[in-house]
A.B. asks: 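Got a structure here, written out as structure tokens. Questions coming.
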Amino acid sequence: MARIRTIKPEAFISESLAKVSIAAERTFFGLLTQADDHGRFRDQASVIAGALWSLRPEHGALEVEDDLNQLDTAELICRYEGDDGKRYLHIVTFSVHQKVNRPSGSRHPACPRHEGGRVPANSLPHGGLREGTMRVHAPLAEPSPERNEPSPSHISAGQSGFSDPSGSTQGGVREPAVSPHGPDLGPRNVDLGSTPLGGASAPAHDTVSPSQLVAEYASACPNRPPAAVLGQLGKTVDKLLSEGIDPAHIRTGLARLRERALHPSVLPSLVNEAMNPPQTAAALRGGHRPYANPANPEAAYGGAL
């Protein structure tokens, strides 16, 4: 979930940000709003492009991947792999420039390079008590007649003067009390791992990205194609996917493009050829066969012509 973050005035004279392109700088500022309260986010170029560049289709997943490489080289972010085998990124100076009053829990593993693979101390639940820090308050001097509390002399050893914290009675029904020292999970509108909308049985969406299809195309070539060719292919594939075309048809078109060594601009035609195969001449005639004289007229016409 996107969050409100702070951009300091000195960010625009930062020497680190000056090393990257304007687009990469914009991606960096956008990552501040997408990262969790510990500066972590999933390292998925297509997801980041959809969140930050949805109204700029010319800057797609391939361009965002280049932005992330620049930011990683400038040591503004750190890209790493978690124990679950998934890719994550961490904004290196997040804790320095962002002051989060009540940081929520994080579903992402800690950065092994900058956080040692462990959750930092400031990410402990807000208000949590460590062992040995609890104090027992002295009992009240006078019992309350309204609550019918026992006097201090009737309290056995080791008991405090507090009433039972497990719940309060309202109309004969006991309700659990809210402890002020319970673990804080942060804002209640932040998803900390609930199932996606639609329930656990909702079907998973196709996550094929333009960069994945272009990478498959490049890996099947004897030599890596020029960057300009791959960039144009990425933009064309992105447009085809946005039209809802089946990735299987796009893969077929890319295979034919590679086999024939054609220009990337003809990819839509090859995809259309895969979606709508050309019909044969017989199929165009609807299966009609031209008339031909029978080889045996007498058998065909009964001897009467």
Side-chain angles (χ1 to χ4, degrees), residues 1-3 5 16-17 19-21 23-54 56 59-95 97-98 100 103-120 123 190-196 203-220 224 227 230-231 233-235 237-238 241-242 247 250-251:
M1 180 177 178
R3 299 160 173 83
R5 299 302 188 196
S16 299
L17 284 173
K19 297 178 182 178
V20 302
S21 64
E25 183 181 274
R26 186 184 189 275
T27 297
F28 176 76
F29 289 145
L31 283 175
L32 292 175
T33 67
Q34 299 300 315
D36 64 12
D37 290 342
H38 308 284
R40 307 172 198 149
F41 197 62
R42 284 294 306 278
D43 188 354
Q44 295 174 306
S46 56
V47 174
I48 296 173
L52 305 181
W53 297 90
S54 58
R56 301 294 182 95
H59 200 87
L62 291 177
E63 288 76 15
V64 170
E65 179 66 27
D66 181 64
D67 295 343
L68 297 178
N69 287 332
Q70 293 184 50
L71 295 173
D72 186 35
T73 302
E75 297 185 351
L76 292 166
I77 66 172
C78 182
R79 310 176 77 176
Y80 60 96
E81 182 176 338
D83 294 336
D84 54 3
K86 298 179 181 179
R87 300 290 303 173
Y88 299 91
L89 61 83
H90 170 242
I91 302 175
V92 177
T93 58
F94 185 88
S95 60
H97 300 291
Q98 303 298 323
V100 183
S104 60
S106 177
R107 292 180 295 171
H108 307 321
C111 174
R113 180 178 176 186
H114 298 91
E115 298 174 316
R118 295 175 296 179
V119 178
S123 66
V190 177
D191 180 17
L192 297 182
S194 59
T195 56
H205 295 284
D206 190 357
T207 57
V208 176
S209 63
S211 57
Q212 179 180 345
L213 293 175
V214 173
E216 293 175 2
Y217 169 86
S219 62
R224 181 175 178 81
L230 296 179
L233 274 179
K235 294 179 180 180
V237 171
D238 189 23
L241 288 174
S242 64
I250 300 178
R251 283 191 175 96

A.B. asks: List for me each residue that meets side chain to side chain contact (heavy atoms under 4.5 Å, CB included) alongside Q98, sequence neighbours excluded, and say none if there are none.
C.D. replies: R5, T6, L32, F94
A.B. asks: Between CG of D66 and CG of L71, what distance do you get to the nearest 0.5 Å?
C.D. replies: 9.5 Å
A.B. asks: Could you check if a side-chain atom of E63 sits within less than 4.5 angstrom of a side-chain atom of T27, using non-hydrogen atoms only?
C.D. replies: no
A.B. asks: Output, in order, the C-alpha distance, side-chain angles, deciding distance and verdict of side-chain contact (heavy atoms from CB on, under 4.5 Å) for L17 and F28.
C.D. replies: CA-CA 9 Å; L17 284 173; F28 176 76; 3.8 Å; yes
A.B. asks: Should L213 and L241 count as side-chain neighbours, where that means a heavy-atom distance under 4.5 Å?
C.D. replies: yes
A.B. asks: Less than 4.5 Å apart, any side-chain heavy atom of Y217 and any of V237?
C.D. replies: no
A.B. asks: Does G105 offer a backbone N or O that forms a donor-acceptor pair with the side chain of H38 under 3.5 Å?
C.D. replies: no
A.B. asks: Would you check if the side chain of D238 reaches a backbone N or O of P210 as a donor-acceptor pair within less than 3.5 Å?
C.D. replies: no
A.B. asks: Among residues at least two apart in sequence or on other chains, which ones pass side chain to side chain contact (heavy atoms under 4.5 Å, CB included) with K19?
C.D. replies: none
A.B. asks: Just to verify, what does D36 make a side-chain hydrogen bond (donor to acceptor under 3.5 Å, both in side chains) with, not counting sequence neighbours?
C.D. replies: S106
A.B. asks: What's the separation between atom CG in L52 and atom CG in L31, rounded to the nearest 0.5 Å?
C.D. replies: 6.0 Å
A.B. asks: Which heavy atom of A74 sits nearest a heavy atom of S16, and at what distance?
C.D. replies: CB-O, 4.1 Å
A.B. asks: Minimum heavy-atom separation for C78 and V92, please, with both atom names.
C.D. replies: N-CG2, 4.0 Å
A.B. asks: For A23, check side chain to side chain contact (heavy atoms under 4.5 Å, CB included) against everything at least two apart and list the hits.
C.D. replies: S21, W53, H59, D67
A.B. asks: Should the ring pair H114 and H90 be called parallel, tilted or perpendicular, given that the plane angle runs from 0 to 90° and is split at 30 and 60?
C.D. replies: tilted
A.B. asks: Once you round to the nearest 0.5 Å, how far does CG of L230 lie from CG of L62?
C.D. replies: 8.5 Å
A.B. asks: As an exercise, state the distance from CD1 of I77 to SG of C111, rounded to the nearest 0.5 Å.
C.D. replies: 10.5 Å
A.B. asks: Atom NE2 of H108 and atom NZ of K86: how far apart are they, to the nearest 0.5 Å?
C.D. replies: 10.0 Å
A.B. asks: Identify the heavy atoms of A61 and A45 that sit nearest to each other, and give their distance.
C.D. replies: O-CB, 3.6 Å
A.B. asks: According to side chain to side chain contact (heavy atoms under 4.5 Å, CB included), who are the partners of D43, at least two apart in sequence or on a separate chain?
C.D. replies: L68, R79, R87, L89
A.B. asks: With Y88, which residues qualify under side-chain hydrogen bond (donor to acceptor under 3.5 Å, both in side chains), at least two apart?
C.D. replies: D84
A.B. asks: Suppose we screen for side-chain hydrogen bond (donor to acceptor under 3.5 Å, both in side chains). Which residues come up paired with D83, at least two apart in sequence or across chains?
C.D. replies: none
A.B. asks: Rounded to the nearest 0.5 Å, what's the gap from CD1 on I91 to CZ on R40? Could you check?
C.D. replies: 11.5 Å
